[in-house]
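Have a look at the structure below before the remarks.
Letters A, B, ... are given to chains in the order of the sequence lines, protein chains preceding strands, and every chain is numbered from 1.
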Protein chains: 4
Amino acid sequence: MEFKKEQSIYLQIVDFVHENILSGKFEEGEKITSVREMAGEIGVNPNTVMRSYTHLQEADIIYNKRGIGFFVAKDAAKNIKKNLRHHFLKKELPQIIKKMKMLEIDMAEIEKIYEKTT
Amino acid sequence: MEFKKEQSIYLQIVDFVHENILSGKFEEGEKITSVREMAGEIGVNPNTVMRSYTHLQEADIIYNKRGIGFFVAKDAAKNIKKNLRHHFLKKELPQIIKKMKMLEIDMAEIEKIYEKTT
Amino acid sequence: MEFKKEQSIYLQIVDFVHENILSGKFEEGEKITSVREMAGEIGVNPNTVMRSYTHLQEADIIYNKRGIGFFVAKDAAKNIKKNLRHHFLKKELPQIIKKMKMLEIDMAEIEKIYEKTT
Amino acid sequence: MEFKKEQSIYLQIVDFVHENILSGKFEEGEKITSVREMAGEIGVNPNTVMRSYTHLQEADIIYNKRGIGFFVAKDAAKNIKKNLRHHFLKKELPQIIKKMKMLEIDMAEIEKIYEKTT
DNA sequence: GTGGTCTAGACCACC
DNA sequence: GTGGTCTAGACCACA
């Protein structure tokens, strides 16, 4: 797995798990890849994966059964989507729009690119 | 001035100068706020402002007259706009669109908010 | 059966047996629930129950007849009570009191709740 | 500094900072001991202290100024006390009372010890 | 096998 | 100097 240098690895792993849950690869109530296994697969230290999993656990996206592993929490997909949507619309979008106006980029240009990447 | 913790302070100062140039507050050929004065105004260590100014200087947005101060370079506004436009369209936008699709946010929603903030 | 994540499962099972003996559900000299049956009832791996029973056996609370099962030892209830009382008064209570003083919670508050839960 | 083996060191450091804030040793808005310095003082790896501080930061007890250090957040003492009181009264006390009743320890005994440790 | 914690040491960006 | 992240490796309790 390739990581971008702009964001810390452990947060990229968090996003990776998000995507796996949203896509249905990790289903509600099912066990996700163990810390060590994930670390091996993506070529990263187990501590780093552990940090990501702990982060997800505190956000109630996954939970832990002692000695068994981490499991996808109830309504995880729903909550992830809700949280990300809220963050995007309230935090990111205003800044994006502000920047667009500053740079005099209008919606027509955006839409053109949007259609192209569909 | 309030700083976001997600981005380094010196880059937020760079953006602040960008905005001032684009808005015409700092005009071409004119002297901009001195390092010390700026540091005092926004409550930051002068070293940090110096770093921002050095960064802007390397991008040919401002230039320095020794012992006098920093001045807005020729075509600064034009160049800022060109650089930021390019970065926005090529680097940021693709990621924004990818995220929009994952969260099932369509252009109609964006446009609605865009109009509202006009 | 629901388990708290703060304490290990096998110790929670130990407490569960303690309570059953103190309440008289498991009587002196009688056979207690078998390892497999207990594991099935509370939804846990038999190894985990075995560990709890071994622990209880080492504390002379239960004893084993090979091929038959585990039985409540002589004076089990009396010994449990003695051990737990000692541990509570010498180890737990001092820390509880220390915390109460730090949080400015006085005995009147405690007593009020104590009466309510009688 | 001595640590108990029953609880993880990083949580004991969290408690240690709690106490320092409650006692007024770390005052609101003031900088607390830096990660490295704290690590040296209590004889622990800086990573462990970092973990404690991150934990406290997520609980809005302290906050970070980039490159400068960690500072005590607004109303930190008030919030710590509120959280700890709530946790004690709602989570710990019911279990304590349950155990007391099981062991037939009455309030008179507790009060006697409470007075003695004043 | 699982997670959880800790150490030692490194490198980085930032102030 | 500050925090932030990551690696490597170890040890532990637990299922």
Side-chain angles (χ1 to χ4, degrees), chain A residues 3 5-13 31-39 42-57 62-71, chain B residues 3 5-14 39 42-52 54-55, chain C residues 3 5-14 39 42-52 54-55, chain D residues 3 5-13 31-39 42-57 62-71:
Chain A
F3 297 103
K5 68 163 193 183
E6 308 97 47
Q7 197 185 17
S8 55
I9 293 178
Y10 89 92
L11 285 177
Q12 294 182 55
I13 297 172
K31 182 174 175 303
I32 68 174
T33 315
S34 80
V35 173
R36 284 163 170 81
E37 202 181 340
M38 175 71 87
I42 63 183
V44 143
N45 188 290
N47 283 331
T48 305
V49 177
M50 188 64 205
R51 188 171 179 180
S52 307
Y53 280 18
T54 302
H55 188 95
L56 286 160
Q57 191 176 20
I62 61 180
Y63 65 93
N64 174 254
K65 285 191 194 170
R66 300 180 64 119
I68 303 180
F70 284 95
F71 295 75
Chain B
F3 297 102
K5 69 168 185 187
E6 307 98 45
Q7 198 184 18
S8 57
I9 291 178
Y10 92 92
L11 284 178
Q12 294 183 55
I13 296 171
V14 166
I42 63 185
V44 145
N45 190 300
N47 286 332
T48 306
V49 176
M50 190 60 205
R51 186 168 179 178
S52 307
T54 302
H55 184 97
Chain C
F3 297 102
K5 68 167 187 187
E6 307 98 43
Q7 197 184 18
S8 58
I9 292 177
Y10 91 93
L11 284 178
Q12 294 183 55
I13 297 172
V14 166
I42 62 183
V44 144
N45 191 300
N47 287 333
T48 306
V49 177
M50 190 60 205
R51 187 169 182 177
S52 307
T54 302
H55 184 97
Chain D
F3 296 102
K5 70 165 191 183
E6 309 98 47
Q7 198 186 18
S8 55
I9 293 179
Y10 88 92
L11 286 178
Q12 295 183 53
I13 297 172
K31 183 175 175 301
I32 70 174
T33 315
S34 80
V35 172
R36 284 163 169 83
E37 200 181 343
M38 174 72 87
I42 63 184
V44 144
N45 190 290
N47 283 332
T48 305
V49 175
M50 188 62 207
R51 189 170 177 181
S52 307
Y53 281 18
T54 302
H55 187 95
L56 286 160
Q57 191 176 19
I62 59 178
Y63 64 93
N64 175 254
K65 284 191 195 171
R66 301 181 64 122
I68 303 180
F70 284 96
F71 294 75

* How far does CD1 of I13(A) sit from OG of S8(A), to the nearest 0.5 angstrom? -> 9.0 Å
* Asked: Counting N and O atoms only, with roles assigned by atom type, does the side chain of N64(D) sit under 3.5 Å from a partner on the main chain of F71(D), one being a donor and the other an acceptor?
  -> no
* Under the 3.5 Å Watson-Crick or G-U criterion, the dot-bracket string of DNA chain F, with | for inter-strand pairs -> ||||||||||||||.
* Structure fact -> The nucleotide from dA15(F), dC6(E), dG3(F) with an atom nearest the side chain of F70(D) is dG3(F)
* Asked: Between the base of dG4(E) and the side chain of N47(A), is there any donor-acceptor pair under 3.5 Å?
  -> no
* To do: Take atom CG of N64(D) and atom P of dC14(E), then tell me their distance rounded to the nearest Å.
  => 14 Å
* Candidates dC14(F), dC14(E), dT5(F) - which lies nearest the side chain of R66(D) -> dC14(E)
* May I ask you to say what V44(D) touches in the nucleic acid, namely base, sugar-phosphate or nothing, with a heavy-atom cut-off under 4.0 Å? => sugar-phosphate
* **Contact summary for Q7(C) and Q12(C), nearest pair of heavy atoms** => O-NE2, 2.7 Å
* To do: Would you kindly give the CD-to-C1' distance between Q57(D) and dT2(F), to the nearest whole Å?
  => 13 Å
* Name the residue closer to the 5' end of DNA chain F, choosing between N45(C) and I9(A) according to the nucleotide with the nearest heavy atom. => I9(A)
Expected list for residues 47-54 of chain D: side-chain donor-acceptor pairs under 3.5 angstrom, two or more places apart:
| unit_1 | atom_1 | unit_2 | atom_2 | d |
| --- | --- | --- | --- | --- |
| S52(D) | OG | Y10(D) | O | 2.9 |
| S52(D) | OG | T48(D) | O | 3.2 |
| Y53(D) | OH | T33(D) | O | 2.8 |
| T54(D) | OG1 | M50(D) | O | 2.8 |

* Between C1' of dC14(E) and NZ of K5(B), the distance in whole Å -> 16 Å
* **d(NZ, K65(A); P, dG4(E)) in whole Å** => 15 Å
* Roughly how far, to the nearest 0.5 Å, is the CD atom of Q57(D) from the OH atom of Y63(D)? -> 11.0 Å
* Structure fact -> Across all chains, not counting sequence neighbours, the ring pair (Phe, Tyr, Trp, His ring centres under 6.0 Å) partners of F3(C) are none
* To do: Please name the residue in the list N45(A), V44(A), I42(A) that meets the side chain to side chain contact (heavy atoms under 4.5 Å, CB included) test with I9(A).
  => V44(A)
* Asked: Want to settle it: does G67(D) or E37(A) sit nearer the 5' end of DNA chain E, counting the closest nucleotide to each?
  -> E37(A)
* Asked: Of L11(A) and S34(D), whose nearest nucleotide on DNA chain F comes first from the 5' end?
  -> S34(D)
* Structure fact -> Winner on side-chain proximity to T48(A), out of dT7(E), dG4(F), dC6(F), is dC6(F)
* Decide yes or no, distance alone: a donor-acceptor N/O pair under 3.5 angstrom between the base of dG1(E) and the side-chain of R36(A). => no
* Asked: Starting at CD1 of I32(D) and ending at C1' of dT2(F), how long is that distance when rounded to a whole Å?
  -> 12 Å
* When the distance from NE2 of H55(B) to P of dC15(E) is rounded to whole Å, what number comes out? -> 13 Å
* Any S8(B) side-chain N or O less than 4.0 Å from OP1/OP2 of dC14(E) -> yes
* Separation of atom CD1 in I68(D) from atom C1' in dG4(F), rounded to whole Å -> 16 Å
* To do: Using atom types as modelled and distance alone, determine if a side-chain donor or acceptor of R36(A) lies under 3.5 Å from a backbone N or O of P46(A).
  => no
* Give the rounded distance in Å between these two atoms: CD of E6(D) and P of dC12(F). => 17 Å
* **Nearest-nucleotide 5' precedence on DNA chain E, Q7(D) against R51(B)** => Q7(D)
* To do: For Y10(B), answer base if it contacts any base atom (sugar-phosphate contacts may also be present), sugar-phosphate if it contacts only those atoms, and nothing otherwise; contact means non-hydrogen atoms under 4.0 Å.
  => sugar-phosphate
